[in-house]
Amino acid sequence: MHTPAITGSGVFTPDEIITNAELVEAFNAYADRKNAANAEAIAAGEMAPMAHSSEQFIFKASGIERRHVMNKSGILDPSVMHPLLRQRDDDEPSLMAEMALDAAKKALAQAGKGPEDIDLVICAASNMERAYPAMAIEIQDLLGIKGFAFDMNVACSSATFGIQTAADMVRSGSIRAALVVNPEICSGHLEWRDRDCHFIFGDVATATVIERMEDAKGPFFEILSTRCATQFSNNIRNNNGFLRRSRPDGVADRRDMQFMQNGRKVFKEVVPMVSTHIAEHMGDAGLQGADLTRMWLHQANKSMNDLIGKKVMGRTPEPQEQPNILQEYANTSSAGSIIAFAQNSDDMAEGDLGLICSFGAGYSVGSVLLRRHG
Ligand code: COA
């Protein structure tokens, strides 16, 4: 058996940014247009008018200040309200692959490794650009990696589930090193016309290199243990799928073809689930929350993270102990906890303990317990 370690991480951040002010302006313009177009029905009481969104609400309810996206112009155009992405030829790299490639190269550079050192690529994300061939195999090809590759989807927990999968293979010896990539184009499945959730998501890609501890070339994080758990829930759901055209309303622009959630219920049910999960994971490792120097939590909502951090540590964590990045990136699904990790781990000292924890649709929760070396 070999000890697995995370030896590199990388983040691709799209150039285009949408602030809450820009988002709210576009949403309100859309709402005004829709209300004007339906003025008669609204006046007759047959239809409720759309209410305006507000910057104050968004920041207070979520902690989000802005988000990076792959296309801003379409999202902010009240007559479009979704990203406008160029149709790519089958012979060109696909968009998710291109985003993943940037993050992967950064992670490989940090680990001091080349394509020849990797023998598995996992593309773990909450949506795949196409059904097949696997995104991971395209990324493997573009990087010139031998071995094998496959896709995984566990929504917001895809990255941690991917890390566990890779770590277990490194431990058993079936692979020597893996690259786990998490390209998330959340703007593609967000309903930007829905006031309850239009502010939630952003786009990004992250990557981690997982390999044998003895192969590390620089400072690294030993993977002490991992834990994954799932429990079925309809409270976060997207009904888009390959049977779409076979239904009576076929490819109609139905609301449930985009991200849907019952946010209040998610908040209430997931906070205790995650807190208990982390406590049990740490307890079985002979540790407790107070032993952690750092917690890199899934980035969906600041209040959720504050509550989980307090429950796990038994006190209010200092901002550097539980770094949030959602003010800058919003919720980036599976990539959120990995951005927090990649951007807030270099300063840790030899022997410090940290925990990556993701949670979301499924429900799903995944945790990775790490010890810093070097
Ligand atoms: N602007 C202004 N007001 C808004 C608004 C907006 N964009 N969206 C909703 N509101 C209003 C509602 O109409 C409601 O008004 P009411 O009290 O008069 O009915 C009020 O604000 C509260 O709305 P609610 O949806 O209950 O807000 P919330 O405090 O639950 O916050 C979320 C919403 C989504 C931020 C929060 O529930 C959350 O983060 N949940 C967990 C999300 C999560 O982790 N999802 C995982 C996704 S992978």
Side-chain angles (χ1 to χ4, degrees), residues 18-32 34 48-67 75 81 124-127 153-161 182 184-204 230-231 233-238 256 258-275 277 297-309 324-327 329-340 357-366:
I18 298 179
T19 64
N20 285 348
E22 291 172 307
L23 186 72
V24 166
E25 190 188 337
F27 179 89
N28 291 349
Y30 168 77
D32 290 345
K34 184 138 193 228
M50 281 189 74
H52 276 188
S53 183
S54 107
E55 273 183 78
Q56 291 80 354
F57 171 83
I58 294 171
F59 182 67
K60 192 163 160 278
S62 69
I64 297 165
E65 295 178 44
R66 62 189 74 86
R67 68 281 298 138
I75 294 167
M81 299 295 277
S126 36
N127 274 285
N153 177 353
V154 203
C156 291
S157 288
S158 300
T160 52
F161 279 53
N182 323 104
E184 291 284 8
I185 313 178
C186 299
S187 63
H189 67 101
L190 175 59
E191 181 49 88
W192 298 92
R193 297 170 297 185
D194 184 340
R195 174 177 175 258
D196 288 342
C197 67
H198 75 117
F199 53 89
I200 287 181
F201 286 122
D203 302 334
V204 83
T230 48
Q231 185 186 307
S233 165
N234 275 322
N235 286 324
I236 313 172
R237 193 167 169 124
N238 181 332
D256 66 331
Q258 312 299 338
F259 166 86
M260 294 190 300
Q261 79 164 346
N262 186 339
R264 276 276 159 103
K265 273 201 172 164
V266 172
F267 197 114
K268 268 199 187 151
E269 292 172 5
V270 170
V271 169
M273 183 181 169
V274 172
S275 309
H277 176 95
L297 296 179
H298 173 52
Q299 304 285 314
N301 179 294
K302 183 173 182 304
S303 310
M304 247 174 144
N305 285 4
D306 289 348
L307 281 171
I308 294 167
N324 283 324
I325 53 86
L326 52 67
Q327 62 279 10
Y329 287 90
N331 183 343
T332 50
S333 196
S334 73
S337 57
I338 306 301
I339 308 173
C357 183
S358 65
F359 41 88
Y363 296 136
S364 57
V365 48

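Both ligands and their constituent atoms are indexed starting at 1 by order of listing.
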Verify, without hydrogens or angle tests, whether [X] (side chain) and [Y] (backbone) share a donor-acceptor contact under 3.5 angstrom.
{"X": "E184", "Y": "A125", "result": "no"}
{"X": "N182", "Y": "A124", "result": "yes"}
{"X": "Q299", "Y": "I325", "result": "yes"}

Open item on the list: If you measure every N or O of H298 against every N or O of ligand 1, does any of those distances drop under 3.5 Å?
Closed with: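 Min N/O separation from ligand 1 is not below 3.5 Å for H298.
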
Task: I58 N/O under 3.5 Å from ligand 1 N/O - done: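 Between I58 and ligand 1 (N or O atoms, distance only) the closest approach is not under 3.5 Å.
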
TODO: Take atom 14 (C) of ligand 1 and look for protein heavy atoms under 4.0 Å from it; say yes if you find one, no if not.
DONE: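 Protein heavy atoms within 4.0 Å of atom 14 (C) of ligand 1 - there are none.
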
Open item on the list: Under 4.0 Å and counting heavy atoms only, is there anything from the protein next to atom 19 (O) of ligand 1?
Closed with: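 Flag for atom 19 (O) of ligand 1 set to false, no protein heavy atom closer than 4.0 Å.
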
Open item on the list: Please give me the minimum heavy-atom distance between R66 and T19, naming the atom from each residue.
Closed with: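 Heavy atoms of R66 and T19 come nearest at CB-CA, 4.0 Å.
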
Task: Side-chain donor-acceptor pair present, S158, S334, cut-off under 3.5 Å - done: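 There is no such pair (donor and acceptor under 3.5 Å, judged by atom type) between the side chains of S158 and S334.
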
Open item on the list: One residue to check: I236. Relative to ligand 1, which of side chain, backbone, both or neither has a non-hydrogen atom less than 4.0 Å away?
Closed with: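 It is the side chain that gets close, since no backbone atom is under 4.0 Å.
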
- [ ] Heavy-atom contacts with D196 under 4.0 Å: which atoms of ligand 1 show up? List them by number with element.
- [x]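 So the answer, numbered in order with elements, is 8 (N), 9 (C).
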
Task: Positive for side-chain hydrogen bond (donor to acceptor under 3.5 Å, both in side chains) with N20, one of E25, R67, E55 - done: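 For N20, the side-chain hydrogen bond (donor to acceptor under 3.5 Å, both in side chains) test succeeds with only one of E25, R67, E55, which is R67.
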
Task: Minimum-distance protein heavy atom relative to atom 31 (O) of ligand 1 - done: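 Going by distance alone, atom 31 (O) of ligand 1 is nearest to A61 CB, 3.8 Å.
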
